Number of protein chains: 2
Amino acid sequence: MTQPVSKQLTRDSTYSQRTESVLREMILDGGLKPGERLNEVTLAASLGISRGPLREAIQRLASEGLLTVVSHRGAFVRTFERAEVAELYELRSALELHAVRLLCQRASDDDLADLAALLDETESRISGIADPAYPQELDFHLRLVMLVGNQALLTAALEVQRQISLARTMSAQRPTRARKAVVEHADILDALRARDQERATRLMADHIQHSMESAISVLGLPIDDEEPDKGRTKG
Amino acid sequence: MTQPVSKQLTRDSTYSQRTESVLREMILDGGLKPGERLNEVTLAASLGISRGPLREAIQRLASEGLLTVVSHRGAFVRTFERAEVAELYELRSALELHAVRLLCQRASDDDLADLAALLDETESRISGIADPAYPQELDFHLRLVMLVGNQALLTAALEVQRQISLARTMSAQRPTRARKAVVEHADILDALRARDQERATRLMADHIQHSMESAISVLGLPIDDEEPDKGRTKG
DNA sequence: CCTCTGCCAACTGTTGACAGTTGGCAGCTC
DNA sequence: GAGCTGCCAACTGTCAACAGTTGGCAGAGG
């Protein structure tokens, strides 16, 4: 990769923006592993750009919670302890349970049909594959939040989703809960259709709980070795 | 201000970090007004630094939702339309209602005493002043979220709080709801003490609703004139 | 008087070089 | 051999200059 960060089809008109996307992908794909340090000189060279735009991209990814920046030491792919992962799932509950409640009131039939279609597609896709890292656009949870029509809520949910996704890359083996998840998704959709708020929120809460337990159970020891500091960049 | 961003007591060891804090304060204090453009050359000079660290600070504040960056045009203090403010309050509901629910289960008596003390202090402070922009550390809502002990949740709540705070600077006159708010806070605390989850969440939901109506009622027309583009920096 | 075209100043995006900090290693001391 | 001290290489933080883009203005044309 000596070419300036190409290969991207996006219309980001700026190196800094394209680099942000590329780095985010590298982090979530596991190309950059949690705890790993980003050497600015090396990385900039391999991306074919200078350190300026690279640093700007790093700043933004740090704000997003995917990187940890330590003054005078550099940027590291963020690591998560057990407790932090639990926190993320709790935050996710806050957002998605609220989304479910709102959808019980607001969702149009078309919205729910949309969700059902997505579920069918996912169902057929995973019939063969183990636990593919399917594109996030196809994710039931995000689609559900999208239907609320609240951009701020969606942005928050997306950020949490990404952090959880990163945390999951810390464990080598992936829990293959995909099929069970689909079933639970279907149940939730069912409750949504019935406009049964109590049941829908309960099912969603349980589902997220299961998802968390599955994720945490395969997580390495909470004792992180090679780590600089915790928390986000600033205090 | 030709001195390098001093006056800050924080231990931010870097121009970039200090600048982020200073800019955030300028934005929330109203020193930089919504829609206003940040001229990099001018601003950097007045802060006594070069454009590099300034741009990094800008990137982070954009990720935080306080600035809007438009390629090749610059950074603008973010503006909000009515609908966006409503979205923010809805997101705030998601976070704080969840916090209330958790506190009904988890909060220790000491925690609630802490909250009561805060409330007393606030009560005595506003007895004279109209609607002072009291420091956010004294804010009932943030303290409430803090007590949950979930850093991720707190970070999210803080970010929403800041955006709402910025949105409120768009209207010249401030709604002086302080006294009513304190009463409502006291009611919520009362419900928390009784561990009455249903009542506590209902009171909090109503309270946020009132707060939103108050904020939106004094907001200027949703037709923003002098504005570059909507949404955060990236798509 | 209005509209379109082309130029220009202002500003952002990017770069390469310079300065200060950090962590580790060699060598000295005990 | 263990521990301390001082130096050094690697790397981050910052700067100033260069390059490309944008929006507006002047002037021609209708």
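So you know, we letter chains A, B, ... as the sequences are listed, proteins then strands, and number each from 1. Note that the coordinates shown come from a computational prediction; the quantities given were computed from them, not determined experimentally.
Atoms CD (A/Glu56) and C1' (C/dT15) sit 12 Å apart, rounded to a whole Å. The separation between A/Phe76 atom CZ and D/dT12 atom P is 9 Å, rounded to whole Å. As a whole-Å value, the separation of B/Glu40 CD from D/dT22 P is 15 Å. One interatomic measurement links the two molecules: CG of A/Leu47 to P of C/dT15, which rounds to 11 Å at whole-angstrom precision. With rounding to whole Å, A/Asn39 atom CG is found 13 Å from D/dA9 atom C1'. Atom CD in A/Gln59 sits about 15 Å away from atom P in C/dG13, given to the nearest Å. Distance A/Arg18 CZ to C/dG13 P: 13 Å, rounded to the nearest Å.
Among the heavy atoms of the strands, none lies under 4.0 Å from B/Leu54. Nucleic acid contact for B/Gly74: sugar-phosphate only, since backbone atoms but no base atoms lie under 4.0 Å from a heavy atom of the residue. Using a 4.0 Å heavy-atom criterion, one finds that B/Leu38 contacts the sugar-phosphate atoms exclusively.
Here the straight-line distance linking atom OG of A/Ser93 with atom CD of A/Gln209 works out to 7.5 Å at 0.5 Å rounding.
Taking only side-chain nitrogens and oxygens, B/Arg55 comes nearer than 4.0 Å to OP1 or OP2 of C/dG13. In this structure, A/Arg73 does not reach the D/dC11 phosphate: none of its side-chain N or O atoms is under 4.0 Å from OP1 or OP2. In terms of phosphate contacts, B/Arg51 brings no side-chain nitrogen or oxygen within less than 4.0 Å of OP1 or OP2 of D/dA16.
Which of C/dT21, D/dC15, D/dC11 sits closest to the side chain of A/His72 comes down to C/dT21. Nearest nucleotide to the side chain of B/Tyr15, out of D/dT12, D/dT14, C/dT12: D/dT14. Picking from C/dG16, D/dT14, C/dC11 the nucleotide with the shortest atom distance to the side chain of A/Ser50 gives C/dG16. Taking every side-chain heavy atom of B/Ile49 into account, D/dC15 is the closest of C/dT14, D/dC15, C/dT12. Checked against D/dC15, D/dC11, D/dG13, the side chain of B/Pro53 finds its nearest nucleotide in D/dC15. Counting only heavy atoms from C-beta on, A/Val41 has its side chain closest to D/dT12 among D/dT12, C/dT14, D/dC15.
Side-chain atoms of A/Glu159 never come within 3.5 Å of backbone atoms of A/Ala156 as a donor-acceptor pair (strictly under, hydrogens ignored). Without hydrogens or angle criteria, B/Ser214 side chain to B/His210 main chain gives no donor-acceptor distance under 3.5 Å.
Ring-plane geometry between A/Phe140 and A/His185 is classed as parallel, the angle between the planes falling under 30 degrees on a 0 to 90 degree scale with a further cut at 60.
Test B/Asp29, B/Val22, B/Leu28 against B/Met26 for side-chain contact (heavy atoms from CB on, under 4.5 Å) and you get one pass: B/Val22.
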